[in-house]
2 protein chains.
Amino acid sequence: MNQRKVSIKEIAELSGVSVATVSRVINNNGRFSEETRKKVLQVIKDTHYETNNIAKSLRMKKSNTIGILVPDISNSFFANVVQEIESILFKKGYSTIICNTDRNEEKEEAYLRMLEGKMIDGLIVISGVKEFGSTAINKKTPLICIDRKPKDTKSTILIESDHYQGGFLATEELISKGCHNIAIIIHRDFLSSSKERLLGYQNALKKYQIPFKEENVIHVTVEEKMSRTEAAKAALLQKISEGYQFDGVFALNDRLAIGAIHAILDLGKKVPEDIKVVGFDNDPISKYCYPCLTTIRQDNMLIAEQACENLLALIDGTRKDMKKHQVIPVTLVSRAST
Amino acid sequence: MNQRKVSIKEIAELSGVSVATVSRVINNNGRFSEETRKKVLQVIKDTHYETNNIAKSLRMKKSNTIGILVPDISNSFFANVVQEIESILFKKGYSTIICNTDRNEEKEEAYLRMLEGKMIDGLIVISGVKEFGSTAINKKTPLICIDRKPKDTKSTILIESDHYQGGFLATEELISKGCHNIAIIIHRDFLSSSKERLLGYQNALKKYQIPFKEENVIHVTVEEKMSRTEAAKAALLQKISEGYQFDGVFALNDRLAIGAIHAILDLGKKVPEDIKVVGFDNDPISKYCYPCLTTIRQDNMLIAEQACENLLALIDGTRKDMKKHQVIPVTLVSRAST
DNA sequence: TTGTATGCGTTATCAT
DNA sequence: ATGATAACGCATACAA
């Protein structure tokens, strides 16, 4: 009972027909008699034949595989989006190769070459340091960007949350709870999403006639071997030690927000009584930290669905009129920290 | 400048040599003159040629691809292990197809067929409902199980944390802090890891001459649309309402532990003063919840390294004498909840 | 050192 | 309705 690999050729021999006929039966195209169909199917069952997709891909110039580039799969937002994408695509008969780039440009290029060599039918790029555009990948490979601007803005599709709205809602929440002097904690300020969130913050201030002050912007850089939470906490404590005062914090993600909370509690102040805090992402920790964190929820399901839908449309060549920039609304999740 | 796909054949023509020679240059095997080498490499550079791995795989019967089966990639423990595995394998020239099975048996089978069709060189299976063994995958495909017993125990390698030790350490921690009546919250009791953790709990009790009581075992089942945390909280509250009393809780994972904490706090009791809690997994939330959660940390890096090392050895056919059952030590992370 | 020819497992074209 | 065969892109045994 040695389970050797069996090919279409052997199926043909065992069935007493040609490989062509077997292929037709398998793919159910072309004509063949009911009799041969039964016979062939029986042999396939008996031999546990599985079609060799490598050969099929080569012949068809279609791999039924799509690649996903993601900076860090252990980030809860990315993990959720990727998981959902993978699930949707699988239902459509596609397999997904998830590439964790670690925000490393070389690694990204290497991955792209690998994906190209595997003849991927499409590519989804999630977030990342700079505009996306690489010579490693064929220009005609269908491409969807999520949270990352493509170099070729006018022909490739960009899907992202309404980061501006998120920043606005977060800030408005703080203002509505009585904050007048709101710090904003920024991590990767070069990301377009960060810029948009900052803009939302600024415009919310403007709406309520609160002057924007440069000193309220706290940039944190995360050193090696340090978590975002620790870095944010350190940065805020440093700033406070220099005499900085504030009554609210909008952190560009939940990890940073937790760091801010820790800093505040460390100083003997209370959240939300003395200082209120809002994060971004609706990371699971936002629900379980203390106090529970008010945050902005991105609609990752919708993002994933829309990405897949658009990508598959590009692959199939149906619909050429898709919107090049699709913005997904976000919502405020109000919890104890405000 | 239309970037059409260029094959080895065209490289041959442009270089004025045969495809065989080009192939030899590319793979740097066989003999060829320095002159042709230069010429060919130049043409390759000019044309942006990339080797077609699909064709190569078909010819070589080796895809340089490995598959990973995982129940739920958004689980922090799985995400970490998978990420590390992927990173290691990538360095070794392998790409990884991550398959999220959702603990769904049909999906698992479908994935395995897909992977088989892609001629994967190896397979890593992480956790899962029942013993692993499927006819969909070729018996001779190198296989490593992590946290999941293989059907064929004596020939396939199983790598797992020392769940027994984890259960023991967790329970001992509670006892050493003065607990005498320790509840244990179990979720998927059919998992071998769960059984081992329970066993560790029982033996720790025995060591300190505390009688094991069946009523201390709380089984929770997670309904659709309900989180583990909510389910654990509900289960514990239910039990308490029936008059159940205890002074410590060992939850088989951190999400359950948080649920327990919430239940306890809801009743106006204090953690750790009135009741102490220990979790399992060292999930990020354990660090940021309130109070911070004492938990058991699995060494996911080591698990990943060991899995890759063993898998690659199986693929290369080197070393035939690997231990079939490899147990990775765990450590206690002591925090505020005890 | 280099070229020719074959085959990997499929699908598709063109006969019959 | 079915069969023979070419082609997909590559690596290699064998010739030259």
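In what follows, every chain begins at residue 1, and chains take the letters A, B, ... in the order their sequences are listed.
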**Study point:** Sequence neighbours excluded - side-chain hydrogen bond (donor to acceptor under 3.5 Å, both in side chains) pairs with any residue from residues 303-315 of chain A
**Key:** A/Asn310-A/Gln326
Study note, to complete from the structure: Of C/dG3, D/dA4, C/dT2, the nucleotide closest to the side chain of B/Ala20 is C/dG3
Check your understanding: Between atom NZ in B/Lys5 and atom C1' in D/dC10, what is the gap in whole Å?
Key -> 15 Å
Review point. With distance as the sole criterion, is a donor-acceptor pair present between the side chains of A/Thr65 and B/Lys118 under 3.5 Å?
Key: yes
Practice item. Indicate, with a heavy-atom threshold strictly under 4.0 Å, whether A/Ser57 touches base, sugar-phosphate, or nothing. Key: nothing
Check your understanding: For A/Thr21 and D/dT2, is the shortest distance between a side-chain N/O and OP1 or OP2 below 4.0 Å?
Key -> no
Check your understanding: B/Lys61 side chain N/O closer than 4.0 Å to the phosphate oxygens (OP1, OP2) of C/dG9?
Key -> yes
Exercise for review: Taking only the side-chain heavy atoms of B/Ser33 (C-beta and beyond), determine which of C/dT1, C/dG3, C/dT10 contains the nearest atom.
Suggested key: C/dT1
Point to revise | Shortest side-chain distance from B/Thr51, nucleotide among D/dA4, C/dG9, D/dC10 | key: D/dC10
Point to revise | Contact nearer the 5' end of DNA chain C, comparing B/Ser18 with B/Met60 | key: B/Ser18
Check your understanding: Which nucleotide sits closest to the side chain of B/Val19: C/dA5, D/dA4, D/dG9?
Key -> C/dA5
**Study point:** Whole-Å gap separating C1' (D/dA1) and CG (A/Asn28)
**Key:** 15 Å
Review point. In whole Å, what is the span from the CD1 atom of B/Ile11 to the P atom of C/dG3?
Key: 15 Å
Practice item. Specify the separation, in whole Å, of atom CG of B/Asn52 and atom P of D/dC8. Key: 12 Å
Practice item. Compare the minimum distances between each of C/dA12, C/dT2, D/dA11 and the side chain of A/Asn29, then state the nucleotide with the smallest one. Key: C/dA12
Practice item. Assign B/Ser23 to base, sugar-phosphate, or nothing according to its heavy-atom contacts below 4.0 angstrom with the strands shown. Key: base
Review point. Counting any heavy atom closer than 4.0 Å, what does A/Asn53 reach on the DNA or RNA strands: base, sugar-phosphate only, or nothing?
Key: nothing
Check your understanding: Less than 4.5 Å apart, any side-chain heavy atom of A/Ile120 and any of A/Ile66?
Key -> no
Point to revise | A/Lys9 or B/Val17, whichever maps to the more 5' nucleotide of DNA chain C | key: B/Val17
Exercise for review: Rounded off to whole Å, could you give me the CD-to-C1' distance for the B/Glu10 and D/dC8 pair?
Suggested key: 13 Å
Exercise for review: Check every atom of D/dA1, C/dG9, C/dT2 against the side chain of A/Arg31 and return the nucleotide holding the closest atom.
Suggested key: D/dA1
Practice item. Identify whether the distance between the nearest side-chain nitrogen and carboxylate oxygen of A/Lys5 and B/Glu116 falls below 4.0 Å. Key: yes
Check your understanding: Under 3.5 Å, is there an N or O donor on one side and an acceptor on the other linking the side chain of B/Arg24 and the base of C/dG3?
Key -> yes
**Study point:** Electrostatic pair A/Lys130:A/Glu105 at N-O distance under 4.0 angstrom
**Key:** yes
Review point. Is A/Gly16 touching bases, backbone alone, or none of the nucleic acid, heavy atoms closer than 4.0 Å?
Key: sugar-phosphate
Check your understanding: Nearest-Å distance, NZ (A/Lys118) to C1' (D/dC10)?
Key -> 15 Å
Review point. Does a donor on one side chain and an acceptor on the other come within less than 3.5 Å for A/Glu108 and A/Thr101?
Key: no
Point to revise | Between D/dG9 (P) and A/Glu116 (CD): distance, integer Å | key: 13 Å
Practice item. Return the value, rounded to whole Å, for the distance between atom CE of A/Met119 and atom P of C/dT10. Key: 16 Å
Check your understanding: Under 4.0 Å between a side-chain N or O of B/Asn27 and OP1 or OP2 of D/dA11?
Key -> yes
